[in-house]
Protein chains: 2
Amino acid sequence: MRIGELATKTGVSVRALRYYEEQGLLTSARSSGGQRHYLDDAVDRVYLIQMLYAAGLSSRTILDLLPCVDAKVNTPQSRAMLRAERDRIDRQITQLRQARERLDAVIALSESPASGCTRADTDAAVA
Amino acid sequence: MRIGELATKTGVSVRALRYYEEQGLLTSARSSGGQRHYLDDAVDRVYLIQMLYAAGLSSRTILDLLPCVDAKVNTPQSRAMLRAERDRIDRQITQLRQARERLDAVIALSESPASGCTRADTDAAVA
DNA sequence: CTTGTCCCTCACGTGAACGTCAGGTTCTAC
DNA sequence: GTAGAACCTGACGTTCACGTGAGGGACAAG
């Protein structure tokens, strides 16, 4: 498939896909005219990249991790890197949970009858 | 206290504190000479701001949320906003968990004896 | 009254992950 | 073979949360 199709399939912009290739995260075959062509598994690859971006990893870190995910590299260093990133994500989850609890407390307070809001207000907010 | 002390107490840079004030997230009294002075509760305020930044909220969103947290604003709109941000954080946590599980699977694979690494390798990576 | 440290306000620099033109080529369909 | 859609390569623009000087006041100590 060409880049436009991959973009619509994954919901990622064409520019982003070219950027991923620029960063070495995604590879493509080229037609005689220079156009990029992708295999079907590129879709999963893009999803994985997006997932790691969403987890707060940088392009550089993803670039380092991908060979491990592909099981092409398996050294003590690579395993240490994997664990380090997993732990970083764990810490981030903890932080997010704290923020979530904090917001939840505020929400509970703001929706309690004593806070001066009426039931109608609350219903209107839901609608 | 002055800005330097607040910075060291919170572990946030002086520049960041001034930036928070610029964004309307933090207020300060000024001395006759124009220097910022903070009350003790500014420390908690900064921690809260940092927590919300860590949760991926923008300055603008934090600016909108803070009056709710301070229980100074409690409208249907503000409650809807609080819930929206909480839900966003929930989704982010879900994404992070997925990424974490994915990494965990890779780690389990890379550390399994069948993957071609020796026990000594594994121990070395831990050290 | 000077020294040193802290503080002030501009204001430009930064890095990441793209967005967005410009100008030109390739592919598809009729 | 020609129109139009999709694609190409630069290359500059954007946003955010600050970093980093430049140049100059504020304030406690001696």
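Chain A is the first sequence line, chain B the second, and so forth, proteins listed ahead of strands; every chain is numbered from 1. Excluded from the calculations below are hydrogen atoms, water molecules and symmetry mates; all remaining heavy atoms, backbone and side chain alike, are included.
- Contact check on A/Asp41 versus A/Arg45 returns no salt bridge, with no Lys/Arg side-chain nitrogen under 4.0 Å from an Asp/Glu carboxylate oxygen.
- Between A/Arg97 and B/Asp90, no side-chain nitrogen of the basic residue sits less than 4.0 Å from a carboxylate oxygen of the acidic one, so the salt-bridge criterion is not met.
- Each of A/His37, A/Glu21, A/Gln35 was evaluated against A/Ser28; a single residue qualifies, A/Glu21, per the side-chain hydrogen bond (donor to acceptor under 3.5 Å, both in side chains) test.
- Contact annotation: A/Arg30 does not reach the phosphate of C/dT25 (side-chain N/O to OP1 or OP2, under 4.0 Å).
- Toward the 5' end of DNA chain D, the nearer of the two residues B/Ser58 and A/His37, judged by each one's closest nucleotide, is A/His37.
- Both B/Tyr47 and B/Leu17 are assigned to one and the same hydrophobic cluster, defined by single-linkage of ILVMFWY side chains at heavy-atom distances under 4.5 Å.
- In summary, B/Arg100 and B/Asp104 engage in a salt bridge, as defined by a charged side-chain N under 4.0 Å from a carboxylate O.
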For nucleotides 28-30 of chain D, print each protein N/O atom paired with a nucleotide N/O atom at under 3.5 Å, atom names and distance only.
none

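- There is a side-chain donor-acceptor pair under 3.5 Å between B/Tyr53 and B/Ser59.
- A close approach under 4.0 Å does occur between a side-chain nitrogen or oxygen of A/Ser31 and OP1 or OP2 of C/dC27.
- Minimum atom distance to the side chain of A/Ser32 is reached by C/dC27, of the listed C/dC27, C/dC18, D/dC27.
- Taking the nucleotide of DNA chain D with the nearest heavy atom to each of A/Arg36 and B/Gln50, the more 5' of the two is matched to A/Arg36.
- For the pair A/Gln35 CD and D/dC7 C1', the computed distance is 4 Å after rounding to whole Å.
- One atom, CD of A/Gln23, and another, P of C/dA16, lie 8 Å apart when rounded to the nearest Å.
- Within residues 1-21 of chain B, the residues approached by DNA chain C to less than 4.0 Å at the level of any non-hydrogen atom are B/Arg2, B/Ile3, B/Gly4, B/Arg15, B/Arg18, in residue-number order.
- The existence of a salt bridge linking B/Glu5 and B/Arg2 is excluded, since no basic side-chain nitrogen approaches an acidic carboxylate oxygen closer than 4.0 Å.
- If you check the side chains of A/Gln95 and A/Arg91, you find no donor sitting under 3.5 Å from an acceptor.
- In this structure, A/Leu63 atom CG and C/dA16 atom C1' are separated by 15 Å, rounded to whole Å.
- Comparing A/Leu57 and A/Gly34, the nucleotide of DNA chain C nearest to each residue sits closer to the 5' end for A/Leu57.
- Side-chain N or O atoms of B/Thr61 include none that pairs as donor or acceptor with a backbone N or O of B/Leu57 at under 3.5 Å.
- The separation between B/Leu52 atom CG and D/dC16 atom C1' is 16 Å, rounded to whole Å.
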